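Okay, so here's the structure we're looking at.
This chain uses plain numbering: 1 for the first residue, then up along the sequence. In what follows, every heavy atom counts, from backbone to side chain, and hydrogens, waters and symmetry copies are set aside. This is a predicted model, so every value here is computed, not measured.
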Amino acid sequence: MILYNVTVGIDNSIEEEWKKWMIEVHIPDVIATGQFVDHKFFKVLSHEEPNSSSFSIQYFAKSKENIQVYQENFADKLQLEHQTKFANKFVTFRTMLESV
């Protein structure tokens with residue numbers, strides 16, 4: 001099992017709008033690519049900042065190849081939609097992890 005973790009720091013002024021959009025639109029669009037078998041959505045409780053909150057969206061794939069297919073065929077479009085909708089209101093980083 002491979003975990004594709006996306007950590008997002010989001011400006012508090014749009015947090016509720018962003019969470020709603022993630023749950024109703026973005027996460028379902030990522031899952032609809034067929035490359036992930038499950039996901040989890042967490043709020044990060046450590047490292048709190050005064051003007052932002054952090055979230056971890058964890059997508060579970062059967063193999064690294066699934067994540068490569070996602071990155072090559074779907075990620076750019078989905079990330080652009082996120083960037084366009086929430087420009088200058090977030091920071092993000094992505095990590096791939098393997099279950100041991």
Side-chain angles (χ1 to χ4, degrees):
M1 186 68 60
I2 305 295
L3 169 61
Y4 182 63
N5 184 76
V6 181
T7 303
V8 180
I10 194 79
D11 190 282
N12 286 343
S13 68
I14 62 162
E15 180 179 337
E16 293 306 315
E17 174 190 2
W18 178 82
K19 285 191 305 189
K20 182 177 180 354
W21 184 80
M22 289 295 290
I23 291 166
E24 294 178 1
V25 178
H26 187 74
I27 293 171
D29 286 349
V30 172
I31 297 301
T33 67
Q35 302 308 308
F36 300 100
V37 296
D38 198 8
H39 78 282
K40 303 285 184 198
F41 188 24
F42 293 97
K43 183 170 187 173
V44 177
L45 299 179
S46 58
H47 310 292
E48 292 185 32
E49 297 290 329
N51 297 318
S52 67
S53 296
S54 294
F55 293 85
S56 170
I57 306 95
Q58 301 176 349
Y59 300 101
F60 297 91
K62 290 181 181 178
S63 69
K64 288 191 290 187
E65 290 75 22
N66 289 112
I67 295 175
Q68 290 171 331
V69 168
Y70 171 76
Q71 291 173 326
E72 291 171 6
N73 299 303
F74 304 102
D76 288 346
K77 176 185 178 287
L78 293 169
Q79 290 170 14
L80 180 60
E81 289 172 1
H82 185 266
Q83 172 62 37
T84 301
K85 186 157 183 70
F86 301 105
N88 302 315
K89 296 287 186 174
F90 73 95
V91 294
T92 189
F93 68 91
R94 294 164 182 82
T95 310
M96 190 177 349
L97 301 96
E98 182 176 32
S99 177
V100 293

So which heavy atom on [X] is nearest to which on [Y], and how close?
| X | Y | answer |
| --- | --- | --- |
| I31 | D38 | CD1-O, 4.2 Å |
| S54 | G9 | OG-CA, 4.0 Å |
| N66 | A61 | CB-CB, 3.9 Å |
| I10 | I14 | CD1-CD1, 3.7 Å |
| M22 | P28 | O-CD, 3.6 Å |

Is [Y] reachable from [X] through a run of hydrophobic residues whose side-chain heavy atoms are each under 4.5 Å from the next?
| X | Y | answer |
| --- | --- | --- |
| M96 | V6 | yes |
| V37 | F74 | no |
| Y70 | M1 | no |
| L97 | F60 | yes |
| V30 | V25 | yes |

Can you measure from [atom1] ([X]) to [atom2] ([Y]) and round to the nearest 0.5 angstrom?
| X | Y | atom1 | atom2 | value |
| --- | --- | --- | --- | --- |
| N5 | I57 | CG | CD1 | 7.5 Å |
| T95 | Q58 | OG1 | CD | 10.0 Å |
| R94 | Q71 | CZ | CD | 9.0 Å |
| D29 | H82 | CG | NE2 | 12.0 Å |
| T92 | F55 | OG1 | CZ | 12.5 Å |
| K62 | Q35 | NZ | CD | 10.5 Å |

| said: With a 4.0 Å cut-off on N to O distance, would you call K89 and E17 a salt bridge? | reply: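 No, no charged N to carboxylate O under 4.0 Å.
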| query | Below 4.0 angstrom, N of the basic side chain to O of the carboxylate: do K85 and E81 qualify? | reply |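 Salt bridge between K85 and E81, a charged N being under 4.0 Å from a carboxylate O: no.
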| Donor-acceptor contact present, side-chain S52 to main-chain N12, <3.5 Å |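 Checked: no pair found.
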| message | Taking side chain to side chain contact (heavy atoms under 4.5 Å, CB included) as the definition, give me every residue that meets it alongside Q83, ordered by chain and number, with sequence neighbours left out. | response |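 Checked Q83 against side chain to side chain contact (heavy atoms under 4.5 Å, CB included); matches are A87, F90.
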| query | Considering residues at least two apart in sequence or located in another chain, which fulfil the side chain to side chain contact (heavy atoms under 4.5 Å, CB included) criterion with N73? | reply |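 By the side chain to side chain contact (heavy atoms under 4.5 Å, CB included) rule, N73 matches V69.
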| request: Begin from the C-alpha positions of Y59 and I27 and carry the test side chain to side chain contact (heavy atoms under 4.5 Å, CB included) through to its verdict. | output: CA-CA 9 Å; Y59 300 101; I27 293 171; 3.5 Å; yes
| message | Quick one, I67 and F36 - any side-chain contact, counting heavy atoms below 4.5 Å? | response |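 They are in side-chain contact.
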| request: Report yes if the side chains of L78 and T33 come closer than 4.5 Å at any heavy-atom pair, otherwise no. | output: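 SC-SC contact between L78 and T33 confirmed.
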| query | Can you check side chain to side chain contact (heavy atoms under 4.5 Å, CB included) on F86 and W21, steps first, answer last? | reply | CA-CA 10 Å; F86 301 105; W21 184 80; 3.4 Å; yes
| Are K20 and E16 close enough, and set up right, to give a salt bridge (charged side-chain N to carboxylate O under 4.0 Å, His left out), and what steps lead you there? | CA-CA 6 Å; K20 182 177 180 354; E16 293 306 315; over 6 Å; no
| If you measure only the distance, is there a donor-acceptor pair under 3.5 Å linking the side chains of S63 and E65? |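 Checked: S63/E65 side chains pair up, N/O donor to acceptor below 3.5 Å.
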| Side-chain donor-acceptor pair under 3.5 Å between H26 and W18, yes or no? |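 No.
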